[in-house]
Amino acid sequence: MYTQALNTSDADERSLEDAAQAARFQARIDAEERIEPNDWMPAAYRKTLTRQISQHAHSEIVGMLPEGNWITRAPTLRRKAALLAKVQDECGHGLYLYAAAETLGSSREELVDAMLAGKAKYSSIFNYPTLTWADIGVIGWLVDGAAIMNQIPLCRCSYGPYARAMIRVCKEESFHQRQGYEIMLTLARGSDEQKAMAQDALNRWWWPVLMMFGPPDQVSQHSDTSTKWKIKRFSNDELRQKFVDATVPQAQFLGLTIPDPGMKQDADGHWRYSEIDWTEFKQVLAGNGPCNRDRMAARRKAHNDGAWVREAAAAYAEKRRYRHAAQAAE
Amino acid sequence: MATPNTPLWEVFIRSRNGLAHKHVGSLHASDATMALQAARDIYTRRGEGLSIWVVPSSAITASDPADKGMMFEPAESKIYRHPTFYEVPEEVGHM
Amino acid sequence: MTVSNIQVSETPLVLYTLRRADDALVLGHRLSEWCGHAPILEEDMALANMGLDLLGQARELYSYAAKVEGRDNDEDKLAYLRDVRQYRNLLLLEQPNDDFARTMVRQLFYSAFADLYWRAMMKSSDQTLAAIAARSEKESAYHLRHSSEWIIRLGDGTEESHARAQAAVDHLWAFTGEMFAVDESEQALIHKGVAIDPATLRPLWLKTISDVLAEATLALPSSEWMQQGGRSGRHSEHLGHLLSELQYMQRSFPGLTW
């Protein structure tokens, strides 16, 4: 079951890891069994999943902001409705993921507080600004495209609630990428100004999107246990390469140029991209990207401004409980 | 923050063609009325639902996975509870 | 030569439909402004849901208005290329979101009307409007329920939420009268059975509002003075800013396909 709290008082005893239990756990993973909330799991497994799932959730929520920036200015009613629906989906994804993270024992409030305090991360890509309508097309095409590359393998992740949340997310995600690509296609077939807008957006987003897949394999910290525990099915570089190979023909179809003059196709047909400048990535992760402060400020404001609303709802619920109890007592 | 954590609710939906309510996830709401509305807004946007149940997570008792053997094996060994145990002559038709 | 604003031939049915379309678009747009900033994530979903419902209604109504007008206007030309003085929405709906209480009170006041209005319009002699009404009625019923539940919780919640809710009620009350007002061109449509007389809806609307406010421990304002003008293009200063954002792309890059 998905119950949030382990409904046994033996939880503490159980957390004493014993080699036999750990071995049984690994055997279950190796046999492609799903781990469920009440199952025994190593503390490190619980911790790494809580971190990963909650950061995935934070990303969805913060991700509402760069796209939300253009809802009020969407150029047609159809685009307006589609964009509002897309951003709403992202909120929904955040909710599914917080729900999955909570099955591991942390409350949503704790997880959100960690993000607002700057202790938990969200995907670096959302620290970039959406400057033109074409940015909305590029985000759907490339950012959602990259997310899908990552999310499909997660549908087979060892942890049940996360895998199931990902299946739900993936079903909803396909319209997001198609919507973005359709916007790009319309611009690419439009006026010279529209084509230039599309190219400019691609120029600004391409490298940050490649960085979304994380540091190169030899550098990435979390990979080993994540792979052993079937949380991470493919390496950063594998997914990044897969993404580039899928995307280059799409850009060619649009008549747009990938801003990597050194990129070449190798003998196996793979598109070998140039060396990524990781200093920018490190800066963005450290809080020094173009929009980090604005994103955090926006989420903190929503949270703080909304406090009185949450308090009112809680106060009313309390009054209602009291009234029901009083009535029952009569 | 003085506000207590908003309660967690589990959501079950029975779809148009469904026979039973299926667990789809959870959400936070301060009371049952708001939980039902939130469930509709989050889990039935693509026409998934016909009936929604919301239950406070604290009201759910789950079986202990460690007891799997004790809880579930005895039934597996009682094969006379399964329809395939019994032979029904073909003339009688499907049962 | 491109013209900045389109001209619309506002024959009675076109004008009537355009008014409802503008209502839906302006309110839908206001709700979409909350996206990513709501007090609770679950509420971000609800506000977006309501916004999408209203945008859907707007699109259908604009398309119908364009069809009836019979020139070469379409939903986007009507939404993006008319200036403030040509917009025909209720003043209530262009009021800024302000805080969550103000947003929910605006939603309550309007949805309580829309629910009754669309239900009555299901009997319109105009088949298209009747069909739009059938769909919109279900949506408005939910908007009414959702906003009512919130007003009850805000009114009967904490001292702060009560104060904010009461302030919102007091501030928006003067905009509610316009929903029930009728002019000559609408009278003609009412006689034909195409439109319904909104004044007939007011008693039941008032009862719904009174019941909700009473349960919310909020006071019903007694003032009878009502603001008017939206229906004839005399708007508050808020609409100009709203439209400059909404119409920005089409005004900056005229005549293109998006």
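Note that these values count all heavy atoms, side chains included, but never hydrogens, waters or copies made by symmetry.
- A distance of 11.5 Å separates CD in A:Glu318 from CG in B:Asp31, rounded to the nearest 0.5 Å.
- A donor-acceptor contact closer than 3.5 angstrom is absent between the side chains of B:Ser30 and A:Arg320.
- Of the two parts of B:Ser58, neither the backbone nor the side chain holds a non-hydrogen atom closer than 4.5 Å to a non-hydrogen atom of chain A.
- Counting non-hydrogen atoms of neighbouring residues, nucleotides and ligands closer than 6.0 angstrom, the NZ atom of A:Lys319 exceeds 12 such neighbours.
- Heavy-atom minimum distance, A:Glu102 versus B:Leu8: OE1-CD1, 3.4 Å.
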Evaluate side-chain contact (heavy atoms from CB on, under 4.5 Å) for A:Arg164 paired with B:Val24, printing each intermediate quantity in order.
CA-CA 9 Å; A:Arg164 285 185 287 272; B:Val24 293; over 6 Å; no
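- In this structure, the portion of A:Tyr316 lying under 4.5 Å from any heavy atom of chain B is its side chain and not its backbone.
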For B:Ile42 and A:Tyr96, what are the C-alpha separation, side-chain angles and deciding distance, and is it a side-chain contact (heavy atoms from CB on, under 4.5 Å)?
CA-CA 9 Å; B:Ile42 302 167; A:Tyr96 305 153; 3.8 Å; yes
